[in-house]
Protein chains: 2
Amino acid sequence: MPTIYDIAREAGVSITTVSNILNNKGRFKPETVARVLEAVERLKYRPNFAARSLAARRTNTLALSALLTPESFDPLNLQYFGAIAQAVSRSGFNFLLHISHNLESFERFASMGICDGWLLMMVRRQDERIALLKEMGVPFVSIGRPDEMEEVDVVDTDFEQTARLALEHLLALGHRRIAYLAEPLEFGYSAIRLRAYLACLKEYGLEENADLVAETDGTEAGTVRALEALWSKGRSITAIITHDIPALTVLRTLREWGLQVPEDVSVIGCSDSPLAALADPPLTTINLYVERIAEAAAGALARRLQEPEAPPAHTLIPARLVVRGSTGSAPSVG
Amino acid sequence: MPTIYDIAREAGVSITTVSNILNNKGRFKPETVARVLEAVERLKYRPNFAARSLAARRTNTLALSALLTPESFDPLNLQYFGAIAQAVSRSGFNFLLHISHNLESFERFASMGICDGWLLMMVRRQDERIALLKEMGVPFVSIGRPDEMEEVDVVDTDFEQTARLALEHLLALGHRRIAYLAEPLEFGYSAIRLRAYLACLKEYGLEENADLVAETDGTEAGTVRALEALWSKGRSITAIITHDIPALTVLRTLREWGLQVPEDVSVIGCSDSPLAALADPPLTTINLYVERIAEAAAGALARRLQEPEAPPAHTLIPARLVVRGSTGSAPSVG
DNA sequence: GCGCTTTTGTAAAGCGCTTTAGCAATCGGC
DNA sequence: GCCGATTGCTAAAGCGCTTTACAAAAGCGC
């Protein structure tokens, strides 16, 4: 591997000059720049990451933290990974993805100073990573809202709007008895979504009714139980709002019960997971504009690095309804 | 952030001693070790990654390379990520995941020397990452088989066995007209699987018949077309072997055609993606023991780092059949 | 208590960069 | 043709570690 000294020698300049040219600092004769660049090209020189990071006390690298949990197997996460990887690269930073199975492994990695800042995914209501990063003084952006978000940069979906999108779609189709099947409420986003749904219900003058809300524990069996709870209340539910993953189970369970989707019951998901289109029937859902979220998050982190003292920013990204085959007109009341 | 000098001062020793103790080199009085460790603990000292890498010319970090492609949205990949992250950590290395959308982004990252070795996922038949890493002299292990694999460390599923597993299961259920719907054959694993299936067919004395083989281009529409091609041949197929993702489309399409699974047609997948259990009916498939693959790959890379000159090793991991609801007895011939 | 090895430690060099401070040459204005 | 500003470049320090080479102290056999 060639070093900066090799380049300097080849180009007939000092290593300072090479360094400055490579980092666009100072002014140089175009001819000098050309000589240096040519040498870089010819020797296939790449600055050594460790040396550069050590000297500059900056790694120019941003990391995305993902958690390894049973519920993290939504392929939507892969879309996030990809979109964030691209967004970060476009901002001129190196990107890396860290997957941790526990806080300790995250802490170990975070305290090695391998990256300048963090993007946090799968954020919990009381996320320990946030506390840790704050304590260490490492810049970060939370993708998703923790309970205490005043002091943190947050990028998230505008769930108030997604609730409205889902509800208005169903209302327009004539549905009035609309159930909500929530993912575990310990996940911040789930609680926020439920709240938004309830607020929106009220806004439209529909009764807020505990019979119409159920919570799954995240497992398939839990989803079936939640669905049974909903149905056991004996009121004629014609539509159900849930998340994409439980929706798959809902779809299958309803079919087992002899109910047709969307003829008897409409089902709407909440995040346009790649699975949604593969479902049977294809799931009507809400697309989260993953790319925009990624872009906003990468941008927010880059800004935070530039201006450490700027006030925290909260960015909510709008979503859009994707109508597929799982929603239809409400059955006419018999 | 405390440095090694702070620890040395606190413990009353030299920085060499601190370094040696932290890296288990040389012999020291238990008392000295205790003093150093206590200081480390108290000041929450973590060796600086950049400084350490620069001085040691080793980063003690292993990276997993994933590609960002449309077909990479199988949540099975998330299982791989998680399992490999854990296996690598257990081997005592730092782990990081790199997602590249093209070769250039991979090359840029790989040539920064941020990691000592690579694990390659989603390996293509002619994978450019392999050529690149070889040229750079960077150790790596390929998870999956490239066309030219004599000179590379490979860990892969034993597809000869998976083919047998699938075929024997269907044969035992009385199926004789068994179709194979392959993923794009440009993916190495797809070609290997098809070959294994054909070999196994022959072994059981079944006719090898072009009418029973089709290839999807990876899209949903392509899968439907492939399925139509199979059915248009006019022979009464009673079972179909495919991969998990296309299987979802197959399931839905067959239902649209009025065919019952498994009463009329049995469907078997090939990798026990988390999706398989969510399918309707739940998909009979082959579980790949992702953890074992991860363990083997991490182990192979660690070994390669220790013994750069050892001959390349090829490790095939066996799989197991997971019987769920998509396979059943062959319909009695009318 | 002499020579030997083993134990326990240290000083100093250097990994490959960035950054700071500064200097020589050139230029424009008068 | 003198002065200050600008342009174009460099020497040297130092980032926080590991490693090499070496040394003092302790233990041991006799």
> Rounding to a whole Å, what distance do you find between A/Ile21:CD1 and D/dT10:C1'?
Replying inline: 13 Å
> Rounded to whole angstrom units, what separation is found between the CG atom of A/Leu22 and the P atom of C/dT19?
Replying inline: 13 Å
> Does a side-chain N or O from A/Arg52 land closer than 4.0 Å to OP1 or OP2 of C/dT19, or not?
Replying inline: no
>> Heavy atoms only, 4.0 Å cut-off, all strands: where does B/Thr32 land among base, sugar-phosphate and nothing?
In response: sugar-phosphate
>> With hydrogens left out and only the distance checked, is there a donor-acceptor pair under 3.5 Å joining A/Thr16's side chain and the base of C/dT19?
In response: yes
>> Expressed as a whole number of angstroms, how long is the span from B/Arg58:CZ to C/dG14:C1'?
In response: 16 Å
> Taking NZ, NE, NH1 and NH2 as the nitrogens, is one of them in B/Arg108 or B/Glu104 under 4.0 Å from a carboxylate oxygen of the other?
Replying inline: yes
>> Students often get this wrong, so: under 4.0 angstrom with heavy atoms, is A/Thr3 touching a base, only sugar-phosphate, or nothing?
In response: sugar-phosphate
>> Without decimals, in angstroms, what is the distance between A/Ile4 CD1 and C/dC15 P?
In response: 14 Å
> If you find the nucleotide of DNA chain C closest to B/Arg57 and the one closest to A/Asn20, which residue's nucleotide is nearer the 5' end?
Replying inline: B/Arg57
> Out of C/dT18, C/dC15, C/dG16, which has the shortest distance to the side chain of B/Ala55?
Replying inline: C/dC15
> Please give, in whole Å, the distance from D/dC17 C1' to A/Asn48 CG?
Replying inline: 13 Å
>> Would you say B/Lys25 places a side-chain N or O within less than 4.0 Å of OP1 or OP2 belonging to D/dT18?
In response: no
>> Using whole Å, what does the distance between atom P of nucleotide D/dT6 and atom CZ of A/Arg27 come to?
In response: 12 Å
>> Of the options D/dC9, D/dT10, D/dT7, whose atoms approach the side-chain atoms of A/Lys29 most closely?
In response: D/dC9
> Crowded around B/Arg58 CZ? As in, over 12 foreign heavy atoms under 6.0 Å?
Replying inline: no
> Taking OP1 and OP2 of C/dC17, is either one under 4.0 Å from a side-chain nitrogen or oxygen of A/Tyr45?
Replying inline: yes
>> Can you classify the ring geometry of A/Phe109 versus A/Trp118 as parallel (below 30°), tilted (30 to 60°) or perpendicular (above 60°)?
In response: perpendicular
>> I want to check one thing: is the phosphate of C/dT10, taken as OP1 and OP2, less than 4.0 Å away from some side-chain N or O of B/Thr17?
In response: yes
> If you draw a 6.0 Å radius around CD in B/Glu38, do more than 12 non-hydrogen atoms from other residues or ligands fall strictly inside?
Replying inline: yes
> Roughly how many Å is it from OH in B/Tyr5 to P in C/dA11, rounded to a whole number?
Replying inline: 11 Å
>> Any side-chain to backbone donor/acceptor pair from B/Thr17 onto B/Val13? Under 3.5 Å, distance only.
In response: no
>> I want to check one thing: is the phosphate of C/dT18, taken as OP1 and OP2, less than 4.0 Å away from some side-chain N or O of A/Ser19?
In response: yes
> Looking at A/Asn23, does any N or O in its side chain come under 4.0 Å of the phosphate oxygens OP1/OP2 on C/dT18?
Replying inline: yes
>> Expressed as a whole number of angstroms, how long is the span from B/Leu54:CG to D/dT19:P?
In response: 12 Å
> Of B/Ala51 and B/Arg35, whose closest DNA chain C nucleotide lies nearer the 5' terminus?
Replying inline: B/Arg35
> Which base, if any, makes a Watson-Crick or G-U wobble pair with D/dC30, both distances under 3.5 Å?
Replying inline: C/dG1
>> Using the side-chain heavy atoms of A/Ile15, tell me which of these nucleotides is nearest: D/dT10, C/dC17, D/dT19.
In response: C/dC17
> Can any side-chain N or O of B/Thr16 pair as donor or acceptor with the backbone N or O of B/Ser14 at less than 3.5 Å?
Replying inline: no
